[in-house]
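Remarks on the structure that follows.
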Amino acid sequence: MNNRYLSVDSVDKVFGTEPNTTRVLDKVNLTVEKGEYISIIGHSGCGKSTLLNIIAGLHTASSGYVILDGKEVNAPGPDRSLVFQNHSLLPWLTVYENVTLAVNKVFKNKKNATERKAWALKNLEMVGMSHALNRLPSEISGGMKQRVGIARALAMEPKLLLLDEPFGALDALTRAHLQDEVMRIQAELNNTVLMITHDVDEAVLLSDRIVMMTNGPEATIGEILDIRLPRPRDRIALADNPEYNHYRREVLRFLHEKQRKVAPLPKADKANPVPQASAKRA
Amino acid sequence: MSESKTLAVSSPVARLQLPSAETLAQHGRRVGRFFLRQIVPPVVVIGALLLLWEVLCSRPGAMLPAPSQMLDDTWELIVNPFYDYGGNDVGMGWQVLASLERVAYGYSLAVIVGVALGVLVGKSTWAMRGLDPLFQVLRTVPPLAWLPISLAAFQASNPSAIFVIFITAIWPIIINTSVGVRNIPEDYRNVARVLRLNGFENFTKIMLPAAAPYVFSGLRIGIGLSWLAIVAAEMLIGGVGIGFFIWDAWNASQISDIVLALIYVGLVGYALDALVGLVGKRVTRGTAS
Ligand SMILES: Nc1ncnc2c1ncn2[C@@H]1O[C@H](COP(=O)(O)OP(=O)(O)OP(=O)(O)O)[C@@H](O)[C@H]1O
Ligand SMILES: [Mg+2]
């Protein structure tokens, strides 16, 4: 059981230069097994994206290290593919070209041209986007863009799939639909996934474990909750399942009792996470 | 549609005609609305201006020819744009083409050098710090101020005119390209980093397309400035070209010819701008305005 596919070892992150520094992350430790689906939940600004970016290799940790499958992470790479909240598709490429850009690069020497093409199409089919291959990102809806982003990430066959609030900008119906789709794909591919979310239901429904982070600055992992609900999970059946509601209550209690923000949140985080999240990434 | 078909079976004439008359009327209304909104205003305004011009300039002692007079004077030039009597005495079509050729040389050079310098300045902070002050000063120099120095350097009028076009068009291209390259969203750069694109792939697959909308707005400003500059430069250097044609007409007191030439200059300038705009839209797949 304890094969430590991914381990995050006392990772600190300090932003800024000497007199004006903020220690955003303080000694974050986390181990993840292969095939696990982990959700990271915590108040806005606590450092979830920072942690994900360190694991992706886009940021470097101030101290501590990340090891994936026996190798230390110190640069971004296609073995850790990302899906951002704001999809980050290239607007000048069609849906199909966005995926093939990744496929052609990652499988340059491993697959021939026809295989690469088929692989791109297969991944797009998996997220139900085969009908819009030649559309530009500006011509498809937010939910569809997110699907393409997921297809692109899956098509890289990553060791680790990193999702930063992948459904945050979507309406509730589209979000539920995509969550179901992700669960279906996850059952099929059994990826190792790390997903940031603000949505308690989403976390409980999708995850094997929920990592709850304390408030920043100097945020760290407060509690980890094991979700032992059998799969496949059905959102309607679970709605009045006492175990499900117990997990839900645990997460809510952590967020709203133990880690309650002292000051009122500047504009409720769940309602409007987009500008803040993207501003910090920029 | 299928509904109207099934209905048509019971009473073909009445049923079939009703919808078709309706769609016809709808179509007619749409054409009418387009006509009203897009065609009528400019026609009315231009007509009114021509009328005013006609009235003002047909009084005895008017300094400028009236439109009717002008049409009369220049009829030969209008119907015969490609005559060639040797020397400078060629049709308006040739004059415009000669100017366009100079613009094509100078502008193409400006595009190549401007985009290259723009990418350099956008990518390298050092280059930006070093070159930006220079660019900011040089770009304010009026195009014609370059003419004497380029005449001195090239000792020939044609390369000098081309150089003036080049130096006029290059600044907006450099500046817009560098802004475009510097403003590539973090997200796109992250895509390149996660995929581990190499320098060349990053340049062709991420940087150029991401900066293209900015580059094209620079190219569009550049072509407009080129056309402004060539007409002025040609007045000074002589030879075949629409600019010198205007100057020549002025010396011969052929005011009607000047008016005709101005109309040509305006239409060609508009066409150049529209052309670059169209190419931009095609290349950037609609992300450039
Ligand atoms: N490049 C940076 N320089 C300085 N401070 C930063 C930088 N990036 C993030 N921060 C700070 O680190 C903290 C955590 O940011 P982060 O984006 O990781 O939060 P988050 O938990 O993802 O928030 P959200 O849920 O709103 O997306 C914030 O207080 C932010 O101001
Ligand atoms: Mg975030």
Side-chain angles (χ1 to χ4, degrees), chain A residues 49 52-53 55-60 73-95 97-108 134-139 145 148-149 152-153 155-156 158-162 164 274 277-282, chain B residues 111 115 118-119 122-123 125 128-129 173 176-220 275-289:
Chain A
S49 296
L52 203 77
N53 282 330
I55 295 170
L58 293 167
H59 289 347
T60 48
V73 165
N74 40 29
D79 57 337
R80 283 149 287 135
S81 58
L82 284 138
V83 176
F84 289 119
Q85 177 167 24
N86 47 349
H87 70 79
S88 71
L89 297 180
L90 303 175
W92 57 87
L93 297 180
T94 62
V95 162
E97 289 164 340
N98 262 290
V99 176
T100 44
L101 175 72
V103 171
N104 285 341
K105 179 68 188 171
V106 175
F107 297 104
K108 203 193 270 161
N134 296 318
R135 303 259 205 100
L136 291 172
S138 57
E139 297 165 348
K145 283 180 208 160
V148 179
R152 178 174 66 181
M156 296 183 212
K159 289 178 179 165
L160 186 60
L161 189 58
L162 302 169
D164 191 348
V274 189
S278 59
K280 264 169 241 146
R281 266 198 295 275
Chain B
V111 171
V115 170
V119 169
K123 280 296 282 181
T125 321
M128 186 189 76
R129 295 208 180 116
I173 299 177
N176 279 277
T177 305
S178 68
V179 169
V181 169
R182 221 171 301 143
N183 286 349
I184 294 175
E186 185 79 21
D187 280 347
Y188 304 168
R189 268 188 295 220
N190 284 344
V191 170
R193 288 175 68 195
V194 168
L195 290 177
R196 297 219 175 109
L197 299 183
N198 62 36
F200 177 74
E201 289 167 331
N202 189 19
F203 181 73
T204 55
K205 298 203 167 136
I206 307 286
M207 215 153 75
L208 277 188
Y214 289 86
V215 174
F216 271 96
S217 71
L219 293 182
R220 211 161 164 184
L275 183 72
V276 175
L278 196 75
V279 171
K281 205 161 247 175
R282 276 285 156 78
V283 170
T284 62
R285 290 184 168 170
T287 46
S289 53

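When the side chain to side chain donor-acceptor pair (under 3.5 Å) test is applied to A:Ser88, the partners found at least two apart in sequence or on another chain are A:Arg152. Partners of A:Asn104 under the side chain to side chain donor-acceptor pair (under 3.5 Å) rule, at least two apart in sequence or in another chain, are A:Arg116.
When heavy atoms are compared at a cutoff of 4.5 Å, A:Leu58 approaches chain B by way of both its backbone and its side chain. For A:Glu139, no part sits under 4.5 Å from any heavy atom of chain B, backbone or side chain. Heavy atoms closer than 4.5 Å to chain A are found in the side chain of B:Val191, but not in its backbone.
Counting non-hydrogen atoms of other residues, nucleotides and ligands closer than 6.0 Å to NZ of B:Lys123 gives a total of 12 or fewer.
In this structure, the side chain of A:Thr94 does not engage the main chain of A:Asn134 through any donor-acceptor pair within 3.5 Å.
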